Amino acid sequence: MMRAAIAILLLLIFGGVRLPLEIHLAQEQQSAGFHSATLNLPLREQIGQLGFVAALSGFRSLVAAYLWIEANSAFENVEWGRMAGLFQTVTTLQPKSILYWDMSGWHMAWNAANNAYEDKSQASEVLRMRAQRQYWNLGRKFYEDGLKANPDSGELWARYGDLLSQKYEDHEGAFHAYETASTKNDARPQYHRQAAYELAAVPGKEREAYQFLKSIYDLGPSQRMPSIIHDLKLLEEKLGIPPDQRIEKKAAH
Amino acid sequence: MNRQSPIFSPTRIWAMGWNTLTELTRLKVFYFLLVFALLVIGNSLFLAKLSFGEEFQMLKDVSLGAMSIFTSLIAILATAMLLPKDLEERTTFTILAKPVPRYEYVAGKLLGILLLLAISVVVMSGLFLVVLWVQEHNAIADARAALDAHQISAEDFNTTVASVQRATFTSNLLPGILVIFIKSALLSSLTLMISTFASSAIFTMLMSIAIYFIGHLQATAREYWLSGIDPHWWTRPALAVVALLFPDLQAFSLTDEVVAGTAISLGLFLQTGLLGLFYIGVYYLLACFLFSNREL
């Protein structure tokens, strides 16, 4: 009995010694992007008691994977509402996973939105368009929340650019998204070009777009994609660029 | 002539550790590896219907999650059986009748279970990495076939290969796996400490599992305790006891983010590893203290 009491006392002393170390380590881990999920009561209601206990016990990614597979079943059964709820839960459990944010946004803004628009059981086109827009907004929310959690993901910025360009026709917003994507560590070469294409589609930004596209064109033959040449030609016409400053005709072919 | 026995003999500890590992192997503890293999391979086949990015993410989620569950379970269940089994079979008496100090006996048991955990983690990691490698090569082969058939451009092919490589094996997985091992080692030393005063293996298991769950909430309890929130007079003292008495297992739950691509820096890994060693060391010393006077 005495030994047990001494052992508990020693454990408490050990606890006091390690406490500052643990606080420091927890801060370091959080600033490095660990323990990013917020496990709260709404989440507990979404995933049930067992799932919540599992998530609390260090199996968040496993619970998220299981729910993602559930979401895939919901996709096969065309249950968009259920899918949206599951995506919400999965992204709450794994906020650092770019794939989950990207696929959630894409499913909502593309698949669910198209399905809503094509839903012929709804006779009113106005209502179908309204439903379509609601799914776009839902998809947009996934991308924006994902970017809040992962501001350094070039991939997510680029997918957000796709959404703004293809669904909202917000080319200026898309330009900024691609431009931001191109500055990130995981940037792909096409992000910079996509930013230029979007700028060329913004009314009133023709001069900047021309200079942007020309700077890419001047990088050399490997960068002279058909779309770059096409957009440059259009802008040369629009801006009345003198013939001697225009890109070579043969490059267009 | 009376030969003096050394106070601390690594050879004796190694012999007892090896013997413990042999005993556990005879108990067919390694059968769980078969379940793990079925889970990983079955999972990889089932997930073929998902897109390539999802497929890899699921494979990593399920494999590392299963690795974490299995190592934690082995650490608790196998360790909880060690001392009661030795007492029941009277092996403890045979060993301690020789000039073997009790702290060496405890060290031998701990070493045995750590060897078991290390072998398990190595085998599971190997299996997981092989499946991941096969999946990666299949995805790249598909992309190459599409390139050869002129379905995609060379730039698209390079982008696809880079995406596949980013989504599959990254060097971050290795420290993530090592942290799983450290966590299981901590759990085994904790379980061993409990078993030195426990009356039965069941009691040890239940206590360890309860501490496992509480340990994952320890960081939350600590935060509330230090934040000064005090809805009842007893709240803060109770939280303080939880924070001081139980291990912070959340500090060793890094795989969720590792799977998502978050990198563990060397500094962070070393700090986490040192904290783990600190815990293992303290629990071992307490186990020795508690076992030193136990009536057998």
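Naming convention: chains lettered A, B, ... in sequence-line order (proteins, then strands); numbering from 1 in each chain. Here the structure is a predicted model, which is why all the values come from computation and not from measurement.
Rounding to the nearest 0.5 Å places NZ of A:Lys96 at 6.0 Å from OG1 of B:Thr262. A:Ile98 contributes atom CD1, which lies 9.5 Å from atom CD of B:Gln57 (distance to the nearest 0.5 angstrom). Put simply, OG on A:Ser57 and CD1 on B:Ile209 are 11.0 Å apart, with the number rounded to the nearest 0.5 Å. The structure places CG of B:Leu245 at 5.0 Å from CG of A:Leu12, a figure rounded to the nearest 0.5 Å. Note that CZ of A:Phe14 and OH of B:Tyr279 are 5.5 Å apart. Values are rounded to the nearest 0.5 Å.
Summarising the geometry of A:Ala26 relative to B:Arg222, their closest heavy-atom pair is CB-NH2, 3.5 Å, with the distance given to 0.1 Å. A:Ser61 approaches B:Asp61 most closely through the heavy-atom pair CB-OD1, 3.2 Å. Here the shortest heavy-atom pairing between B:His216 and A:Gly58 reads CD2-N, 3.8 Å. Counting all heavy atoms, side chain and backbone alike, A:Arg3 lies closest to B:Phe289 at NH1-O, 2.6 Å.
In terms of non-hydrogen atom pairs under 4.5 Å with chain A, the most contact-rich of B:Leu274, B:Val259, B:Thr159 is B:Thr159. Note on B:Leu275, B:Leu217, B:Asn293: by heavy-atom pairs under 4.5 Å with chain A, the leading option is B:Asn293. The most heavy-atom pairs under 4.5 Å with chain A, out of B:Ser253, B:Ala251, B:Ser68, come from B:Ala251. For the set A:Val17, A:Leu21, A:Leu10, A:Leu19, the count of heavy-atom pairs under 4.5 angstrom toward chain B peaks at A:Leu19. Among A:His35, A:His24, A:Arg188, A:Gln190, the residue with the largest count of heavy-atom pairs under 4.5 Å with chain B is A:His35. Among A:Glu28, A:Gln94, A:Arg18, A:Glu155, the residue making the largest number of heavy-atom pairs under 4.5 Å with chain B is A:Arg18. The choice from B:Leu254, B:Asp248, B:Thr220 that makes the most heavy-atom pairs within less than 4.5 Å of chain A is B:Leu254.
Of the two parts of A:Tyr66, neither the backbone nor the side chain holds a non-hydrogen atom closer than 4.5 Å to a non-hydrogen atom of chain B. For B:Leu249, no part lies under 4.5 angstrom from a heavy atom of chain A. Of the atoms belonging to B:Gln250, heavy atoms from both backbone and side chain fall under 4.5 Å from chain A. Heavy atoms of A:Leu93 lying under 4.5 Å from chain B are absent altogether. For B:Ala263, the part lying near chain A is the backbone, with the side chain staying farther off; criterion is any non-hydrogen pair under 4.5 Å. Both the backbone and the side chain of B:Thr272 come within less than 4.5 Å of a heavy atom of chain A. For a residue to count as touching a neighbouring chain, one of its non-hydrogen atoms must lie under 4.5 Å from one of that chain's; by this rule B:Ile69 touches chain A with backbone and side chain alike. Proximity to chain A (any heavy atom under 4.5 Å) is restricted, for B:Lys183, to the side chain, taken from C-beta onward. Contacts of B:Leu286 with chain A are made by side-chain atoms alone, with heavy-atom separations under 4.5 Å and no backbone atom involved. Using a 4.5 Å cut-off between heavy atoms, B:Ala219 makes no contact with chain A at all. In this structure, the portion of A:Pro189 lying under 4.5 Å from any heavy atom of chain B is its side chain and not its backbone.
Between B:Leu244 and A:Ile13 the shortest side-chain heavy-atom distance does not fall below 4.5 Å. Looking at heavy atoms from C-beta onward, A:Glu22 lies in side-chain contact with B:Gln218 at the 4.5 angstrom threshold.
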Working for side chain to side chain contact (heavy atoms under 4.5 Å, CB included), residues A:Phe34 and B:Asp256: CA-CA 8 Å; A:Phe34 291 95; B:Asp256 291 330; over 6 Å; no
Check against side chain to side chain contact (heavy atoms under 4.5 Å, CB included), A:Leu62 and B:Leu64: CA-CA 8 Å; A:Leu62 205 57; B:Leu64 289 182; over 6 Å; no
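Shown here is A:Asn185, whose CG atom has no more than 12 heavy atoms of other residues, nucleotides or ligands within 6.0 Å. Within a 6.0 Å radius of NZ in A:Lys141, other residues, nucleotides and ligands contribute 12 heavy atoms or fewer.
Taking the six-membered ring where the residue is Trp, A:Phe59 and B:Tyr212 present parallel rings, their angle staying beneath 30° rather than reaching 60°.
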